Amino acid sequence: MKAIFDPRQLAHDPEIYFRRGAPMPHQERAARAILLRDMLREGGYTIEPPADHGLGPITAVHDPDYIAFLRDAHARFRADAGEGPLAIPTMHPGV
């Protein structure tokens, strides 16, 4: 089995999320990614970095307006929501 790990994954380290309107401890923490990576190494698996395939595969299957929206969606959200720890989306608007 091939295992893929990128150190940039560790930047995803939310402390909480909301479930039914209540803050809950988030389970997808950087420490969990490190634990899983290390367990794979100890199990004899080779950890490889992800390959960069560029934007070609993304633009082949997604609308250009959607790609443009995603390029700075998080930065725009944080500018509106502020820099606090709760500056994460807690709901998804309907289409």
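Everything quoted here is computed from the prediction, not taken from an experiment. The analysis underlying the following values was restricted to heavy atoms, covering all of them including side chains, and did not include hydrogens, waters or symmetry mates.
- Contact record, G54 with P57: O-CD, 3.7 Å, taken as the closest heavy-atom pair.
- Sequence neighbours left out, the pairs with a member in residues 25-34 that pass salt bridge (Lys or Arg N to Asp or Glu O under 4.0 Å) are D13-R29, E28-R32.
- Follow the hydrophobic side-chain contacts under 4.5 Å out from F5 and you reach M1 in the same cluster.
- Taking the side-chain contact (heavy atoms from CB on, under 4.5 Å) definition, one finds that P50 meets it with I4, D6, sequence neighbours left out.
- In the hydrophobic clustering, where aliphatic and aromatic side chains (Ile, Leu, Val, Met, Phe, Trp, Tyr) are joined below 4.5 Å either directly or transitively, M39 groups with L35.
- Applying the side chain to side chain donor-acceptor pair (under 3.5 Å) test to R76 and every residue at least two apart in sequence or in another chain returns D72.
- Screening residues 40-65 for ring-ring contact (aromatic ring centres under 6.0 Å, His included), with sequence neighbours left out, gives H62-Y66.
- L10 and L40 end up in the same hydrophobic cluster when Ile, Leu, Val, Met, Phe, Trp and Tyr side chains are linked at under 4.5 Å.
- Taking CD1 from I47 and NZ from K2, the interatomic distance works out to 12.0 Å, rounded to the nearest 0.5 Å.
- Using a 4.5 Å cut-off between side-chain heavy atoms of Ile, Leu, Val, Met, Phe, Trp and Tyr, I67 falls into a hydrophobic cluster with L55, I58.
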